[in-house]
Amino acid sequence: MAFDAESYLKSGSNELRVLEYRTNGMSFGINILKVSKIVQKLVDFTRVPQAPPAVTGVFKDRDHLVPVLDLAYFLGINKEPSVHKNVIVTEFFGMQTGFAIDRVDWIHHFRWEDVIDAKTALAGVKYKYVIGIVKPTEDRMVQLLDYETILLDLCPKLKDMSIQSYQGEANFAGRRVLIAEDSPAVRAMLVNELSEYGFEVVETTDGEEAWQAFQKQSFDLVVSDVEMPRMDGLAFTLRVRQSERPNTPVIVYSSIGDVGMKARAAFLKADAHITKLNLNQLMITADKLIRGEKVEFDGYTPETMPNLLEAATV
């Protein structure tokens with residue numbers, strides 16, 4: 001994967017590439033940045049006793065064992081687990097997960113403002129796993145799923161481990177933080193954790209809403225997801241840096257933790273990139289930034305940041 005300066009600038013232009021796939025006759029989409037690979041033939045596939053019903057088994061990918069989730073069965077589209085022809089291997093939350101599907105259709109190019117918020121599109125009907133809808137054509141819609149919430153519901157221990165992780169003594173009483181996060185499950189975790197340590201929390205569900213809030217009042221810290229309808233977190237970060245308060249500390253808090261995403265965040269002058277669900281690192285980083293300290297991008301200091309950009313071109 002190669003990046004150049006122009007591609008980093010485009011990272012702040014609110015662009016999105018969606019991999020469209022089908023399962024049990026329905027079309028869904030996933031941000032291509034979440035996709036590690038597509039596997040048609042699983043090697044060393046093994047069923048696991050006492051696994052959740054939607055987990056059909058695990059397979060070996062190099063040195064990793066990757067669990068495979070029957071997406072149609074998990075979503076209630078299919079009444080019984082079935083054999084699928086393809087597996088989309090994703091990498092986020094610092095872990096690999098395979099989503100068993102029927103077929104991959106196409107990669108579409110959109111802008112985040114093209115993404116229809118599910119709350120609006122579904123007219124108030126609560127469907128927790130759909131966060132947005134895109135229209136490749138006027139007469140066709142593709143649903144974007146909340147893969148983070150799917151994994152949190154499938155593996156509740158992930159939430160428990162992250163909530164219990166921070167053991168520091170930081171006190172943020174009187175400090176105001178702006179959260180931009182479209183996943184209700186992740187947003188609730190952030191609000192609970194940050195409030196517990198004294199922050200006054202303003203929560204928003206996408207970059208556009210966060211930008212409106214940012215213009216109305218000052219904040220000691222911004223914590224922003226990347227993938228969000230209307231305006232993504234990188235475009236929002238760029239807006240902050242071009243605003244009247246450009247020095248406001250910004251933490252990009254993304255489920256996508258590869259070197260490319262870190263480099264994008266660094267190029268747009270975010271102060272840090274933390275991979276979800278690492279609340280411990282988030283709190284440590286927040287404490288340092290509010291005290292005026294520089295932090296590392298997972299080992300890269302501001303002085304060595306060019307090495308991070310160079311690493312992303314390899």
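Remember, it's a predicted structure, so these values are computed and weren't measured experimentally. Throughout, residue positions are numbered sequentially from 1 according to the sequence presented.
- Counting heavy atoms from C-beta on, the side chains of Y253 and L282 come closer than 4.5 Å.
- In this structure, P229 and I131 approach most closely via the heavy-atom pair CG-O, 4.0 Å.
- Expressed to the nearest 0.5 Å, how far CZ of R62 lies from NE2 of H64 amounts to 9.5 Å.
- Cluster annotation: V115 is not connected to L145 through the hydrophobic network of ILVMFWY side chains, with a link wherever side-chain heavy atoms come within less than 4.5 Å.
- Two residues are said to be in side-chain contact when any heavy atoms from C-beta on lie closer than 4.5 Å; E196 and N192 fail this criterion.
- Identified under the ring-ring contact (aromatic ring centres under 6.0 Å, His included) test for residues 129-150, with sequence neighbours left out: F74-Y129, F99-Y147.
- For the side-chain contact (heavy atoms from CB on, under 4.5 Å) criterion with R264, the lone passing option out of I256, V252, L33 is L33.
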Practice item. Test T46 against L65 for side-chain contact (heavy atoms from CB on, under 4.5 Å), laying out the working first. Key: CA-CA 10 Å; T46 304; L65 288 179; over 6 Å; no
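- Across every non-hydrogen atom of R22 and I101, the tightest pair is O-CB, 3.8 Å.
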Point to revise | Verdict with supporting geometry, E91 and K37, salt bridge (charged side-chain N to carboxylate O under 4.0 Å, His left out) | key: CA-CA 9 Å; E91 188 165 352; K37 64 179 66 176; over 6 Å; no
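- Between V142 and G29, the closest heavy-atom pair is CG1-N, 3.5 Å.
- Other members of the hydrophobic cluster containing V48, listed by chain and number, are V58; membership follows side-chain contacts under 4.5 Å among ILVMFWY residues, whether direct or relayed.
- The cluster map of Ile, Leu, Val, Met, Phe, Trp and Tyr, joined by side-chain heavy atoms under 4.5 Å apart, puts F236 and F110 in different clusters.
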Check your understanding: Run the side-chain contact (heavy atoms from CB on, under 4.5 Å) check on E203 and L190 step by step: do they pass?
Key -> CA-CA 9 Å; E203 55 179 301; L190 283 172; over 6 Å; no
Practice item. Tell me, with the steps shown, if M261 and L234 meet side-chain contact (heavy atoms from CB on, under 4.5 Å). Key: CA-CA 10 Å; M261 182 56 71; L234 296 177; 4.3 Å; yes
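- Contact of the V177 side chain with the F219 side chain is not registered, since no non-hydrogen atoms from C-beta on lie closer than 4.5 Å.
- Among residues at least two apart or in separate chains, there is no ring-ring contact (aromatic ring centres under 6.0 Å, His included) pair with a member in residues 33-53.
- The minimum heavy-atom distance between V87 and A100, with the atom names listed, is CG2-CA, 4.2 Å.
- With contacts defined as side-chain heavy-atom distances shorter than 4.5 Å, the pair W112/M231 does not qualify.
- Enclosure of atom NZ in K135 by more than 12 non-hydrogen atoms of other residues, nucleotides or ligands within 6.0 angstrom is indicated.
- Side-chain contact between L69 and I150 is present, with heavy atoms from C-beta onward closer than 4.5 Å.
- Side-chain contact between D102 and N86 is absent, with no heavy atoms from C-beta onward closer than 4.5 Å.
- Minimum interatomic distance between D225 and S254 (heavy atoms only, all atoms of both residues): OD1-CA, 4.1 Å.
- Smallest separation of non-hydrogen atoms from A213 and L178: CB-CD1, 4.0 Å.
- For D114, there are no salt bridge (Lys or Arg N to Asp or Glu O under 4.0 Å) partners at least two apart in sequence or on another chain.
- Using a 3.5 Å distance cut-off with no hydrogens or angles, the side chains of E148 and S255 do pair a donor with an acceptor.
- To the nearest 0.5 Å, atoms CZ (R17) and CD1 (I30) are separated by 15.5 Å.
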Exercise for review: Please lay out, stage by stage, how D182 and R187 fare under the test salt bridge (charged side-chain N to carboxylate O under 4.0 Å, His left out).
Suggested key: CA-CA 7 Å; D182 65 328; R187 190 169 64 251; over 6 Å; no
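- Atoms CE and CG, on M283 and N278 in that order, are 12.0 Å from each other to the nearest 0.5 Å.
- Note on M228 and V186: separate hydrophobic clusters, where clusters join Ile, Leu, Val, Met, Phe, Trp and Tyr whose side-chain heavy atoms are under 4.5 Å apart, directly or indirectly.
- Other residues, nucleotides and ligands contribute over 12 non-hydrogen atoms within 6.0 Å of the CZ atom of R291.
- A donor-acceptor pair is defined here as one N or O able to donate and one able to accept, closer than 3.5 Å; such a pair exists between the side chain of N24 and the backbone of I77.
- For the atom pair CD1 (I88) and OG1 (T23), the distance works out to 9.5 Å, reported to the nearest 0.5 Å.
- L71 and V18 are members of different hydrophobic clusters when ILVMFWY side chains are connected at heavy-atom separations under 4.5 Å.
- Side-chain contact check for Y73 versus P53: some heavy-atom pair is nearer than 4.5 Å.
- Atom-to-atom distance recorded for S27:OG and D105:CG is 6.0 Å, nearest 0.5 angstrom.
- Tracing side-chain contacts under 4.5 Å through hydrophobic residues (I, L, V, M, F, W, Y), one never reaches W106 starting from M141; they form parts of separate clusters.
- The CG atom of D117 sits 9.5 Å away from the CD1 atom of I133 when rounded to the nearest 0.5 Å.
- Among residue pairs with one or both ends in residues 205-223, those qualifying as side-chain hydrogen bond (donor to acceptor under 3.5 Å, both in side chains) are R175-D220, R176-Q217, T205-E209, D206-R230, E208-Q212; sequence neighbours excluded.
- Annotation: side-chain hydrogen bond (donor to acceptor under 3.5 Å, both in side chains) contacts involving residues 234-247, sequence neighbours excluded, comprise R241-D271.
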Practice item. Might you work through the side-chain contact (heavy atoms from CB on, under 4.5 Å) test for V134 and E20, ending with a clear yes or no? Key: CA-CA 10 Å; V134 291; E20 180 186 357; over 6 Å; no
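- Proximity of V201 to I179: side-chain heavy atoms (C-beta onward) are separated by under 4.5 Å at one or more points.
- For F172 and Y197, the ring centers sit 6.0 Å or farther from each other.
- For H109, the NE2 atom counts as densely surrounded, since its 6.0 Å shell holds more than 12 non-hydrogen atoms of other residues, nucleotides or ligands.
- Inspection of the T149 and S183 side chains reveals an N or O donor paired with an N or O acceptor under 3.5 Å.
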